[in-house]
2 protein chains.
Amino acid sequence: MAERKENSTNSVNRKCIVESNDLSYAIDMVGGRWKLLILVNLEKKKLRFNEIRKAMSSITERMLTLQLRELEADGLISRTVYAEVPPRVEYELTEISTELIPIWKKLCAWGARHRKARA
Amino acid sequence: MAERKENSTNSVNRKCIVESNDLSYAIDMVGGRWKLLILVNLEKKKLRFNEIRKAMSSITERMLTLQLRELEADGLISRTVYAEVPPRVEYELTEISTELIPIWKKLCAWGARHRKARA
DNA sequence: CAGTATCCATTAAGATACTG
DNA sequence: CAGTATCTTAATGGATACTG
């Protein structure tokens with residue numbers, strides 16, 4: 001995430017799984033603790049850095065920055081900087097991540113069912 | 001996964017996110033590099049340890065064991081031991097993980113679209 | 001066959017302080 | 001406001017050898 005050794009076995013392993021399989025590719029893109037959560041928060045409307053932060057109370061600034069950068073690099077969010085003082089930066093979903101909405105809704109429903117079943 | 005300190009900030013953080021949110025709960029259950037991949041392999045039919053291993057060429061025995069244990073603990077696969085020599089153990093999907101199939105198919109399709117869009 | 005055990009490498013996550 | 005920088009700990013992943 002931060003600095004990744006390109007040639008660790010781990011990286012190579014990951015790369016080759018991801019390349020050979022669309023599912024892994026998707027998970028790689030959106031997996032982890034924070035990414036989908038960030039996207040969910042952006043579903044209704046575009047948000048500014050601190051708005052996202054407040055919406056996800058337990059994330060640190062550092063983590064939020066890192067995750068936003070990766071999401072941006074993967075084309076899942078867009079970042080718009082307004083040349084104002086104080087600075088304003090807005091994040092919003094892109095077309096491709098919008099397509100993900102129905103999928104995470106289903107996953108969410110599944111999670112609820114599953115949780116209930118084990119309670 | 002292996003030995004987790006129960007009271008690290010990280011664990012606490014994770015626990016509380018997972019508890020408050022069905023989506024995170026679902027991701028926690030099925031996220032990571034290997035879990036969905038294992039489930040996918042079990043979709044068509046039940047498999048033995050080494051069959052899964054061969055199907056996922058790059059996983060190590062240790063990782064496979066760990067992931068299978070977690071999946072079992074979460075009720076996503078069932079494990080049947082046959083009292084034979086040599087030992088035979090079969091893994092198969094449970095009802096709740098079967099419900100996941102249409103979801104991962106969609107995710108897979110999304111991954112393919114996304115990948116294409118950026119190629 | 002179906003795993004365990006051990007030890008080490010890599011990566012993710014967090015606290016805190018600071019800046020344009 | 002919207003981040004960086006730095007340092008530290010925790011968690012995950014892997015190689016290899018071994019066992020009931």
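Note on naming: letters A, B, ... go to the chains in the order of the sequence lines (proteins, then strands), and numbering restarts at 1 for each one.
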dist B:Asn13:CG -> A:Arg33:CZ (nearest 0.5 Å) comes out at 5.5 Å
Would you give a per-nucleotide map of nucleotides 14-20 of chain C, 5' to 3', where B means the base has a protein non-hydrogen atom under 4.0 Å away, S means only the sugar-phosphate does, and - means neither?
BB-B--B
Would you jot down, in residue-number order, the residues of residues 41-50 of chain B having a non-hydrogen atom under 4.0 Å from DNA chain C?
B:Arg48, B:Phe49, B:Asn50
Say you draw a straight line from CG of A:Leu100 to NZ of A:Lys35; how long is it, rounded to the nearest 0.5 Å?
12.0 Å
State which residue, out of A:Leu76, A:Leu39, A:Leu42, A:Leu93, fulfils the side-chain contact (heavy atoms from CB on, under 4.5 Å) condition with A:Thr98.
A:Leu93
Starting at CD1 of A:Ile52, measure out to CG of A:Leu37 and round the result to the nearest 0.5 Å.
11.5 Å
In whole angstrom, give the distance that lies between atom CD of B:Glu84 and atom C1' of C:dG3.
16 Å
Would you indicate what B:Tyr91 reaches in the nucleic acid, counting non-hydrogen atoms under 4.0 angstrom: base, sugar-phosphate, or nothing?
sugar-phosphate
Verify the cluster assignment for B:Tyr25 and B:Val12: are they in a single hydrophobic cluster under the rule of side-chain heavy atoms below 4.5 Å apart?
no
A:Lys35 NZ to C:dA12 C1': how many Å, rounded?
12 Å
Specify the separation, in whole Å, of atom NZ of A:Lys54 and atom P of D:dG3.
14 Å
Rounded to the nearest 0.5 Å, what separates atom CG in B:Asn21 from atom CE in A:Met56?
9.5 Å
When pairs are called at under 3.5 Å and a stem needs at least three consecutive Watson-Crick or G-U pairs, the stems of DNA chain D are C:1-20 with D:1-20
Does A:Glu19 have any side chain to side chain contact (heavy atoms under 4.5 Å, CB included) partners at least two apart in sequence or in another chain, and if so, which?
A:Lys15
Measure from CD1 on A:Ile52 to P on D:dG3 and round the result to the nearest Å.
9 Å
Measuring from A:Ile59:CD1 to A:Ile38:CD1, what's the distance to the nearest 0.5 Å?
5.0 Å
Are B:Gln67 and D:dG13 close enough that a side-chain N or O sits under 4.0 Å from OP1 or OP2?
yes
OP1, OP2 of C:dT11 versus side-chain N and O of A:Ser11: anything below 4.0 Å?
yes
Cluster link A:Val81 to A:Ile77, ILVMFWY, side chain under 4.5 Å
yes
Spacing of B:Thr9 atom OG1 and B:Arg14 atom CZ [to the nearest 0.5 Å]:
14.0 Å
Return the value, rounded to whole Å, for the distance between atom CD of B:Glu72 and atom P of C:dA2.
15 Å
So which pairs with a foot in residues 103-114 of chain B pass salt bridge (Lys or Arg N to Asp or Glu O under 4.0 Å), sequence neighbours left out?
A:Glu99-B:Arg113, B:Glu43-B:Lys105
Expressed in angstrom and rounded to an integer, what is the separation of B:Leu64 atom CG from D:dG13 atom C1'?
14 Å
From CG of A:Leu66 over to P of D:dA2, roughly how many Å is that when rounded to an integer?
17 Å
With a non-hydrogen cut-off below 4.0 angstrom, is B:Arg53 in contact with a base, only sugar-phosphate, or nothing?
nothing
Would you mind reading off the distance between A:Leu68 atom CG and D:dA2 atom P, rounded to a whole angstrom?
11 Å
For residues 76-87 of chain B, which residue pairs qualify under side chain to side chain donor-acceptor pair (under 3.5 Å), counting only residues two or more places apart or in two chains?
B:Arg79-B:Tyr91, B:Tyr82-B:Glu90, B:Glu84-B:Arg88
